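Structure, as structure tokens:
Here the structure is a predicted model, which means the values were calculated and not measured. Order of the sequence lines fixes the chain letters, A, B, ..., with proteins taken first and strands second; residue numbering starts at 1 for each chain.
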Number of protein chains: 2
Amino acid sequence: MEPTSSPTADAASATASGPAAPRPPAPSAGASQGRRRAPRMNGDDRERAILEGAERLLEERPLHEVSVDDLARAAGISRSSFYFYFASKEAVLLSLLDRVAAEAGARRTAALAGVTEASPGAYRAAIAAFHETFRAHRAVTLAAADARASSPEIRAQWSRVMDGWVAETAAVIEAERARGSAPPGVPAHDLAAALNLMNERVLYAAFAGESPAPAGDVVEALVAVWHGAIHGAPAPAPLPR
Amino acid sequence: MEPTSSPTADAASATASGPAAPRPPAPSAGASQGRRRAPRMNGDDRERAILEGAERLLEERPLHEVSVDDLARAAGISRSSFYFYFASKEAVLLSLLDRVAAEAGARRTAALAGVTEASPGAYRAAIAAFHETFRAHRAVTLAAADARASSPEIRAQWSRVMDGWVAETAAVIEAERARGSAPPGVPAHDLAAALNLMNERVLYAAFAGESPAPAGDVVEALVAVWHGAIHGAPAPAPLPR
DNA sequence: GATTTCGTCAACAGTGCGTCGACAACGCGG
DNA sequence: CCGCGTTGTCGACGCACTGTTGACGAAATC
């Protein structure tokens, strides 16, 4: 019965901007734009307190076991005050995810900047970057992955991040193929999507301690698959059924 | 607080047995054990009605948007009567998942029975079987994947199914390696885990219509990765960092 | 016909969510 | 100093959903 389109539909702008909090229309929208020095210590860093408290809580239990009350209490305010800053606990997670998204973008760029053209180990760097991003914010990424199921906003944001990785990976694959160091085969985008989704799932399983997961070095297993899939022999004929 | 080993720890037996409903202790424990013929038409197939209604509902919306009341109503009983049959809506999904687990096992066995030893296309059959299992119960598997985040029982059952696939895959990989038609590399189990997790995630993305997903033939993309990862050249030296 | 078992339900209590209106502190222009 | 809008806070409400209890009927059993 819940209206599908939440009032916080401006989540698109959330890509890297501030949190999608329902702040009342900024009154100081005039010249105080560059203002960073807080004339007061209240207000703006309460938001930060919520974010930090949330990240801390998510390190010990999943989002669906954290109530808005917990979040508010962790930030030292009452439950109803919480809603002054965020529309829901999903909005908090989304805001947290925004930071990760930004960092993921930066790390990806940095990782692939080292390899000028299409050196043989470009995707190796990509895997390492992916792994680092995931690990650096384990709690947030794990929680976001869980919340994808119930929150369209988080799902969309996650997709945005993954799409970036996939596009970057596909570019590398195509460069390798152009160099002749990788055989042609299925569309590079499809291959890149499959490999990145594998990374996501395997890293999740590993960090969450799930049952079917590589027992040894996770990154090595991933690199092996990537290398084989990209540089290995082309797949055999599709077998007439 | 939930004890890790749920009282329904016989979930292993649940592979094909009845649902883990909180039915009151069987009073007719005496000689009526073999009784199958229902003297009345009520009771036992109400359970089926719930299951069927649930599967139908899950085809149109995710589990977290289905209330116990919806489930009960779909089966033609009141909400409180529902609890006579199942402890929660997760229990219903778990029961549904049990069937899929049984079918998955059967299909896996059948798929790998065709290939006596380690014929070159054994894992291809595995992928097809996986894909079919997933597709045949799309609603249930999608819902189960979502519910994994919040329900330990479902997570455990899912793990059990995946573990089966992984073990079977690992056996095939080792056979291929023994034959000399696949090079050595990372542990077969790790490789098998990564590949099966990829399948799960990619199929989920494809069936759910998510954004980063192969655009073309999904199965072909998966086969390409499997083939390359198993039969491709061994990964290069791990690069001293 | 009395009793047990099966199945059903209305009603209750609990939890969490999101919203509303009152209310305090602050800054500011008079 | 005083009104006055703004910023931030909170208690209390209504709502949706969950899981449990106790009472009630209808078969079956003796």
| request: Can you tell me the distance, in whole Å, between the CZ atom of A/F82 and the C1' atom of C/dT19? | output: 14 Å
| query | Between A/E132 and A/R138, does at least one N-O distance fall below 4.0 Å, as a salt bridge requires? | reply | no
| said: Please report the distance, rounded to the nearest Å, between CZ in B/F86 and P in C/dG7. | reply: 13 Å
| message | Quick check for you: among D/dC10, D/dG19, C/dC9, whose closest atom lies nearest to any side-chain atom of A/S81? | response | D/dC10
| field | Electrostatic pair B/R61-B/D70, nearest N-O below 4.0 angstrom | value | yes
| message | Tell me if the side-chain of A/S67 makes a donor-acceptor pair with the base of C/dG16, cut-off 3.5 Å, by modelled atom types. | response | no
| task | Specify the separation, in whole Å, of atom CZ of B/R46 and atom C1' of C/dC6. | result | 12 Å
| query | Could A/D69 and A/K89 be called an ion pair, given the rule that one side-chain N must be under 4.0 Å from one carboxylate O? | reply | no
| task | Could you tell me the separation between the CG atom of A/D69 and the C1' atom of D/dA12, rounded to a whole number of Å? | result | 14 Å
| request: Please state how far atom OH in B/Y83 lies from atom C1' in C/dG14, giving the value in whole angstrom units. | output: 13 Å
| said: Could you tell me how far apart A/R73 (CZ) and D/dC10 (P) are, to the nearest whole angstrom? | reply: 11 Å
| said: Heavy atoms from C-beta onward define the side chain here; which of C/dG7, D/dT9, D/dT20 lies closest to that of B/S80? | reply: D/dT20
| query | Rounded to the Å, how far apart are A/I77 CD1 and C/dA24 P? | reply | 19 Å
| field | Electrostatic pair B/E210:B/R201 at N-O distance under 4.0 angstrom | value | yes
| message | Please report the distance, rounded to the nearest Å, between OH in A/Y85 and C1' in D/dT9. | response | 9 Å
| Got a donor-acceptor pair under 3.5 Å from the side chain of A/R79 to the base of C/dG18? | yes
| query | Does the side chain of A/K89 get closer than 4.0 angstrom to OP1 or OP2 of C/dG16 through an N or O atom? | reply | no
| message | Let's see if you can work this out: which of D/dC10, C/dA10, C/dT8 has an atom nearest to the side-chain heavy atoms of B/F84? | response | C/dT8
| Side-chain H-bond candidate by donor/acceptor type, A/N199 with A/W165, under 3.5 Å | no
